[in-house]
2 protein chains.
Amino acid sequence: MARTVNERPDAVAALAEVFREYGYEGASLSVIAARTGLGKGSLYHFFPGGKEEMAGAVLAEIEGWFERAVYAPLREEADAPAAIRRMFRETDAYFRSGRRVCLVGAFALGEVRDRFAARIDGYFAAWRDALAGALRRAGHGEPEEAAEHVVSAIQGALVLARAVDDPAVFVRALRRLETGLGLPAPGA
Amino acid sequence: MARTVNERPDAVAALAEVFREYGYEGASLSVIAARTGLGKGSLYHFFPGGKEEMAGAVLAEIEGWFERAVYAPLREEADAPAAIRRMFRETDAYFRSGRRVCLVGAFALGEVRDRFAARIDGYFAAWRDALAGALRRAGHGEPEEAAEHVVSAIQGALVLARAVDDPAVFVRALRRLETGLGLPAPGA
DNA sequence: CGCATTCTTTACCGATCGGTACACACAGTT
DNA sequence: AACTGTGTGTACCGATCGGTAAAGAATGCG
């Protein structure tokens, strides 16, 4: 074999930004080629399934990142409040304090949802359930309700932040949600 | 003049559903023609500006509806808590208890945002400000914060409801938000 | 080196895109 | 009935869509 350099991961990262920016329909192969630096031939070499496989790879990569950085800690970390605080930090970082959009959420709103229904559902369900578990361990009274609220409010904050073009909306929302959970003080 | 039947409003209503379902890019003129029952000729007669004017008309119609049914009451109704409760009722009805998507929110997430930035920003800003005013009149302690939270959480609930394909998520969110505001009991 | 495999380039495909041109059907007015 | 302006059907435009085919360049292994 030759040149088994894994450019695919790099391509997936670039693809993520393209889909985030243009949406599924809006991301034409020409802009994809331009932004990834790969020709159509290379793209179809890495992703024989075409656009659908590209978007699928992006969604898988996103879910993998959240699983590692957020869901797993929420599930496994002994110090549940710390894991929850970490979730807020990682979320803020991932979404660039409101300057970045949630691709999964954006897909959920469009007709593409049907195509990736399982992945989209899985992403949010895993988040909600992992957070609910951590909240329960942290002694929260209504962990399921609260978890659903937090996950959904984060999405809404991303929508509103972009709608009014003010990332601060997102930052405020995260702070509000975190303090609203009434977690014990970090050093307690 | 002849046949000045106003089919344009009907067309706008149909257009709204098409854009909601397919998004801006995804709504091709062929599906628009099919769903409105109008040929290309008629469409370009009513909307000389093409797709962009169609989407603009839809956004204007949506904003008009909310202005009449929600924002104006929030601003003018003497009984502020009643206006707020009415907002939740109308919102639930408009979004079909979570089965319908917010077109403005969906547009906000995509690249189309730039094209309709003013309209999108205006829609959310008007909602937030009208609600903040009503909350202040209702004696709420932090009306701006609370209003931003409610508007954003409603959007998030629509995203999550569609993502996990469970409209109940939206209904629960509305109830949670309304009770969270601590409004005086209806008969007080 | 030779060779197999991986990757890229390029040209091309039919279909569909948004949009235009224009002839024509219809309805009021006179 | 002739005229006028609104609405519609249809054919067409160049551009771009997502996707394919295949020849060739680059690379690691023997």
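Keep in mind that the numbers below use all heavy atoms, side chains included, and drop hydrogens, waters and symmetry copies. Owing to the predicted nature of the structure, the values given are computational and were not obtained by experimental measurement. Per chain, numbering begins at 1; letters A, B, ... match sequence-line order.
- Under the salt bridge (Lys or Arg N to Asp or Glu O under 4.0 Å) criterion, R99(B) pairs with no residue, sequence neighbours left out.
- Among residues two or more places apart in sequence or in another chain, the side chain to side chain contact (heavy atoms under 4.5 Å, CB included) test is passed with E17(B) by R20(B), R35(B), R100(B).
- The pair R172(A)-E148(B) counts as a salt bridge, with a side-chain nitrogen and a carboxylate oxygen less than 4.0 angstrom apart.
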Between protein and nucleotides 14-17 of chain C, what N or O pairs are separated by less than 3.5 Å?
unit_1  : atom_1 : unit_2 : atom_2 : d
dC17(C) : OP1    : S28(B) : OG     : 3.0
dC17(C) : OP2    : S30(B) : OG     : 3.2

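- Mapping Y24(A) and G37(B) onto DNA chain D via the closest heavy atom, the residue that lands nearer the 5' end is G37(B).
- In this entry the distance linking CG of L43(A) with P of dT8(C) reads 9 Å, nearest Å.
- Looking at heavy-atom distances under 4.0 Å, G50(B) makes contact with sugar-phosphate atoms alone, never a base.
- A search for side chain to side chain contact (heavy atoms under 4.5 Å, CB included) contacts involving A27(B) returns V18(B), F19(B), Y22(B), I32(B), not counting sequence neighbours.
- With rounding to whole Å, E52(B) atom CD is found 14 Å from dG19(C) atom C1'.
- D92(A) meets the side chain to side chain contact (heavy atoms under 4.5 Å, CB included) test with S97(A), F170(A), V171(A), L174(A); sequence neighbours excluded.
- Atoms CZ (F46(B)) and C1' (dT6(D)) sit 9 Å apart, rounded to a whole Å.
- At whole-Å resolution of the value, CZ in R115(B) and P in dG18(C) are 11 Å apart.
- For the pair I32(A) CD1 and dG18(D) P, the interatomic distance rounds to 7 Å; values are reported in whole Å.
- OP1 or OP2 of dG7(D) sits under 4.0 Å from a side-chain N or O of H45(B).
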Please list every donor-acceptor pair under 3.5 Å in which a side-chain atom of residues 110-119 of chain A meets a protein atom from a residue at least two apart or in another chain.
unit_1  : atom_1 : unit_2  : atom_2 : d
R113(A) : NH1    : R162(B) : O      : 3.0
R113(A) : NH1    : A163(B) : O      : 2.8
R115(A) : NH1    : E52(A)  : OE1    : 3.1

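- Rounded to whole Å, atom P of dG18(C) lies 9 Å from atom CE of M54(B).
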